[in-house]
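In what follows, a single structure is set out as structure tokens and then discussed.
The chains referred to below are lettered A, B, ... by the order of the sequence lines, with proteins before strands, and numbering in each begins at 1. Model, not experiment: these values are computed from the prediction.
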Protein chains: 2
Amino acid sequence: MKRDSRLSGVLHVLLHMAQQPGTFTSETLAKAMDTNPVVIRRIMAGLRDLGYVRSEKGHGGGWTLACDLTKVTLRDVYTALGSPSLLAMGNRTEAPGCLVEQAVNAALDQAFGDAQALLLSRFGEVTLAMLGDDLRKRLGSRKLQGMSAHGA
Amino acid sequence: MKRDSRLSGVLHVLLHMAQQPGTFTSETLAKAMDTNPVVIRRIMAGLRDLGYVRSEKGHGGGWTLACDLTKVTLRDVYTALGSPSLLAMGNRTEAPGCLVEQAVNAALDQAFGDAQALLLSRFGEVTLAMLGDDLRKRLGSRKLQGMSAHGA
DNA sequence: CCATCATGTAACATATAAAGTTGCATGAAA
DNA sequence: TTTCATGCAACTTTATATGTTACATGATGG
């Protein structure tokens with residue numbers, strides 16, 4: 001399966017925006033992420049609907065942060081993306097008539113459920129502000145070497 | 001992403017075989033699983049290479065179990081499949097130059113790593129024999145209703 | 001009012017990986 | 001030597017994330 005990197009992508013966008021106040025166009029963000037503006041709008045749509053960011057059209061328009069970064073967790077962002085499936089593996093058949101399959105599903109579902117719960121729990125423990133703090137640390141040590149955030 | 005059901009599938013096959021001694025052709029197993037014989041051979045190849053099952057050609061040939069079901073865990077089976085990726089999500093870019101991306105990756109990798117470790121650990125706790133026991137329980141209660149393993 | 005800018009969205013194209021299918025080679029048994 | 005079964009390569013199909021194009025919508029500045 002192709003790995004889903006939307007969560008990674010949207011966090012990257014949010015963290016970039018958190019680095020300085022103001023509005024950012026999809027094109028600006030897309031360039032920083034080396035992707036297409038439409039992709040930015042796509043992954044941001046859910047966040048807008050939930051009020052974490054705002055978007056405005058026309059001159060001077062673009063995206064702005066509209067939430068308390070200390071309150072929004074990775075889990076909130078994940079939910080805003082529509083809670084895409086976390087696991088690459090699944091049951092061959094859901095609700096099978098075959099008892100053998102039922103036994104297999106029961107065993108796997110147990111493990112899958114635990115892993116999903118753990119992931120969501122971890123996501124819930126990390127706020128965007130924490131990511132920003134970590135980033136500032138990285139920026140600090142990098143600045144000592146005279147390099148920028150995107151530096152080679 | 002399309003969900004990988006090979007682990008589910010191969011466990012189904014093994015559990016079917018464990019229900020009665022003897023050899024099973026790929027075609028027989030494929031019919032029970034409602035799939036193609038080549039798919040069976042494909043998902044069984046790794047298990048054969050590791051000695052968990054044997055395959056023989058020609059008249060009377062087919063697949064036979066060749067392991068102690070109390071010793072082989074779901075993790076062993078997973079490994080035999082080639083340890084396919086467990087998570088549906090991943091980082092947008094591995095080893096990025098962008099510090100923002102590095103911060104995002106660090107946070108996600110933590111959660112992803114924990115979830116993977118938990119899954120592997122759970123897999124390691126469940127043997128094929130345990131699956132068989134669970135299946136027998138299910139068969140028992142179903143028999144009281146006059147139904148077979150595949151019965152609708 | 002209108003030209004410009006930016007988002008919103010649909011539609012289409014591409015990439016990747018699992019699952020299914022076909023064809024044939026290999027080898028064992030009757 | 002015919003039949004049966006696996007081994008395997010190559011191809012098709014399907015699903016999904018990602019990328020791209022085109023155009024509608026609406027806001028701003030002239």
State whether [X] places a side-chain N or O below 4.0 Å from either non-bridging phosphate oxygen (OP1 or OP2) of [N].
| X | N | answer |
| --- | --- | --- |
| B/R3 | C/dA18 | no |
| A/T35 | D/dT18 | no |
| A/S26 | C/dA6 | no |
| B/S5 | C/dA18 | no |

Quiz item: So B/Y78 and B/F123, would you call those rings parallel, tilted or perpendicular, with 30° and 60° as cut-offs?
Solution: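 Plane angle between 30° and 60°, so tilted.
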
Exercise. Report, as yes or no, whether the 6.0 Å neighbourhood of atom CG on A/D34 holds more than 12 heavy atoms from other residues, nucleotides or ligands.
Key: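 Check fails, neighbour count at 12 or below.
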
Could you check how far [atom1] of [X] sits from [atom2] of [N], rounded to whole Å?
| X | N | atom1 | atom2 | answer |
| --- | --- | --- | --- | --- |
| A/D34 | D/dT18 | CG | C1' | 13 Å |
| B/F24 | D/dT6 | CZ | P | 12 Å |
| B/M44 | D/dA5 | CE | C1' | 14 Å |
| B/L7 | C/dA17 | CG | C1' | 17 Å |
| B/I40 | D/dT6 | CD1 | P | 10 Å |
| A/E27 | C/dT4 | CD | P | 16 Å |
| B/D4 | C/dT16 | CG | C1' | 13 Å |
| A/E56 | C/dG8 | CD | P | 10 Å |

[X] side-chain proximity, nearest of [options]:
| X | options | result |
| --- | --- | --- |
| A/S55 | D/dT18, C/dG8, D/dA5 | C/dG8 |
| A/V38 | C/dT7, C/dT9, C/dT4 | C/dT9 |
| B/K2 | D/dT18, D/dA15, D/dA5 | D/dA15 |
| B/K57 | C/dT7, D/dG19, D/dA5 | D/dA5 |
| B/R6 | C/dT22, C/dG8, C/dA19 | C/dA19 |
| B/R41 | C/dT4, D/dC8, D/dG19 | D/dC8 |

Quiz item: Does a distance-only test, which skips hydrogens and angles, find a donor-acceptor pair under 3.5 Å between the side chain of B/R42 and the base of D/dG7?
Solution: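 Check fails, no donor-acceptor contact within cut-off.
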
Practice problem: Test for a donor-acceptor pair under 3.5 Å between the base of D/dG7 and the side chain of B/R48, counting only N and O atoms. | Solution: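 Side chain to base: no pair below 3.5 Å.
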
Exercise. Could you say whether A/G58 or B/G60 is positioned toward the 5' end of DNA chain D, judged by the nucleotide with the nearest heavy atom to each?
Key: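 Its nearest nucleotide being more 5', the pick is B/G60.
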
Quiz prompt | 5' precedence on DNA chain C between B/N36 and B/P84 (nearest-nucleotide basis) | solution =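 Final value for this comparison: B/P84.
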
Quiz item: Contact class for B/R92 (heavy atom, under 4.0 Å): base, sugar-phosphate, or nothing?
Solution: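 Answer is nothing: B/R92 stays at 4.0 Å or more from every strand.
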
Quiz item: Across the strands shown, which category fits B/G62 at heavy-atom distances under 4.0 angstrom: base, sugar-phosphate, nothing?
Solution: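 Touches sugar-phosphate only.
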
Quiz item: Donor-acceptor pair, B/T73 side chain versus B/D76 backbone, under 3.5 Å?
Solution: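 Yes; judged by distance alone, with no hydrogens or angles, the pair exists.
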
Self-check item: In one Ile/Leu/Val/Met/Phe/Trp/Tyr side-chain cluster, 4.5 Å: B/L29, B/L69
Solution: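 Cluster IDs for B/L29 and B/L69 match.
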
Practice problem: Test B/D133 against B/R136 for salt bridge (Lys or Arg N to Asp or Glu O under 4.0 Å), laying out the working first. | Solution: CA-CA 5 Å; B/D133 289 345; B/R136 262 184 293 284; 2.9 Å; yes

Practice problem: Measure the spacing between CZ of B/R48 and OG1 of B/T64 and express it to the nearest 0.5 Å. | Solution: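 With rounding to 0.5 Å, CZ (B/R48) is 12.0 Å from OG1 (B/T64).
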
